Amino acid sequence: MIDRLKARLVPGARDWWRWSSVHFAVIGGAVTSWAASDPKGFAQVTALLPQWAQPLLGVVLAGTAIGLRITQRKDATHGR
């Protein structure tokens with residue numbers, strides 16, 4: 001079973017903690033937890049954004065996550 005799992009991992013998976021996309025996912029999870037546990041507080045913070053930017057928040061977050069995942073940091077070793 002362990003061998004089957006290892007076969008599915010990306011090259012350099014041992015360095016998962018160095019990936020920017022993982023850092024962003026952790027932050028995103030914390031923000032999502034906050035939004036779920038305190039929706040009024042989250043709404044108050046998002047209300048600080050300009051009116052035109054509020055609907056774009058999800059698109060920007062998704063774009064950031066994708067951008068971080070498809071780019072490689074200079075000090076990262078994944079893919080080698």
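Just so you know, these numbers come straight off a predicted model, no measurement behind them. FYI, the numbering just counts along the sequence from 1.
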N/O donor-acceptor pairs under 3.5 Å from side chains in residues 54-64, not counting sequence neighbours:
| unit_1 | atom_1 | unit_2 | atom_2 | d |
| --- | --- | --- | --- | --- |
| Gln54 | NE2 | Thr46 | O | 3.3 |
| Gln54 | NE2 | Leu49 | O | 3.2 |
| Thr64 | OG1 | Val60 | O | 2.8 |

* To do: Find the distance between OG (Ser21) and CD1 (Ile66) and round it off to the nearest 0.5 Å.
  => 11.5 Å
Atom pairs and distances, donor-acceptor, side-chain atoms in residues 32-39, under 3.5 Å, two or more places apart:
| unit_1 | atom_1 | unit_2 | atom_2 | d |
| --- | --- | --- | --- | --- |
| Thr32 | OG1 | Gly28 | O | 2.8 |
| Ser33 | OG | Gly29 | O | 2.9 |
| Ser37 | OG | Ser33 | O | 3.0 |
| Ser37 | OG | Trp34 | O | 3.3 |
| Asp38 | OD1 | Gly41 | N | 3.1 |

